[in-house]
Amino acid sequence: MNKKRERLAVVRDILKCIREIRNIKPTRLLYSSNLSPQMFKEYIDELLSKNFINLETDKHDKKTFSLTKKGYEFLEQYKVIENFIENFGL
């Protein structure tokens, strides 16, 4: 049985995907995030409102997501926490 991801793990996964595939399109990010469309929208709305990601639209109305400085900083700090937990066997 699959273990349900915690909220912060989902946020990390979304941000990592955006970081790896710069300027990713919404549909590809939805598939990569492995969330329902409704849950995806909730997470994206929160990440946009907290300035972790940007939504950009080009002249052909194509939308893409990119990571902000705050998003990069979150991923760096998350890695520190993961290392801490791993080092103490928790």
Expected list for residues 28-42: side-chain donor-acceptor pairs under 3.5 angstrom, two or more places apart:
residue: Ser32; atom: OG; partner: Arg28; partner atom: O; Å: 2.9
residue: Ser33; atom: OG; partner: Leu29; partner atom: O; Å: 3.2
residue: Ser33; atom: OG; partner: Leu30; partner atom: O; Å: 2.8
residue: Ser36; atom: OG; partner: Met39; partner atom: N; Å: 3.1
residue: Lys41; atom: NZ; partner: Asp45; partner atom: OD2; Å: 2.8

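- In this view, Arg7 and Glu46 satisfy the side chain to side chain donor-acceptor pair (under 3.5 Å) rule, not counting sequence neighbours.
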TODO: Evaluate side-chain contact (heavy atoms from CB on, under 4.5 Å) for Leu67 paired with Phe52, printing each intermediate quantity in order.
DONE: CA-CA 6 Å; Leu67 220 50; Phe52 282 78; 5.8 Å; no
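- Proximity of a side-chain donor or acceptor of Lys70 to a complementary backbone N or O of Lys50 within less than 3.5 Å is detected.
- Remark: Asp58 engages no residue in a side chain to side chain donor-acceptor pair (under 3.5 Å) (not counting sequence neighbours).
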Task: Lys62/Thr57 under side-chain contact (heavy atoms from CB on, under 4.5 Å): CA gap, chis, key distance, verdict - done: CA-CA 5 Å; Lys62 293 186 180 182; Thr57 306; over 6 Å; no
Just distance, no hydrogens or angles: give the donor-acceptor pairs under 3.5 Å from side chains in residues 15-26, sequence neighbours left out.
none

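- Remark: Asn54 pairs with no residue by the side chain to side chain donor-acceptor pair (under 3.5 Å) rule, at least two apart or across chains.
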Distance-only criterion, 3.5 Å: show the donor-acceptor pairs between side-chain atoms of residues 71-90 and protein atoms not counting sequence neighbours.
residue: Glu82; atom: OE2; partner: Arg12; partner atom: NH1; Å: 2.8
residue: Asn83; atom: ND2; partner: Lys79; partner atom: O; Å: 3.4
residue: Asn87; atom: ND2; partner: Asn83; partner atom: O; Å: 3.2

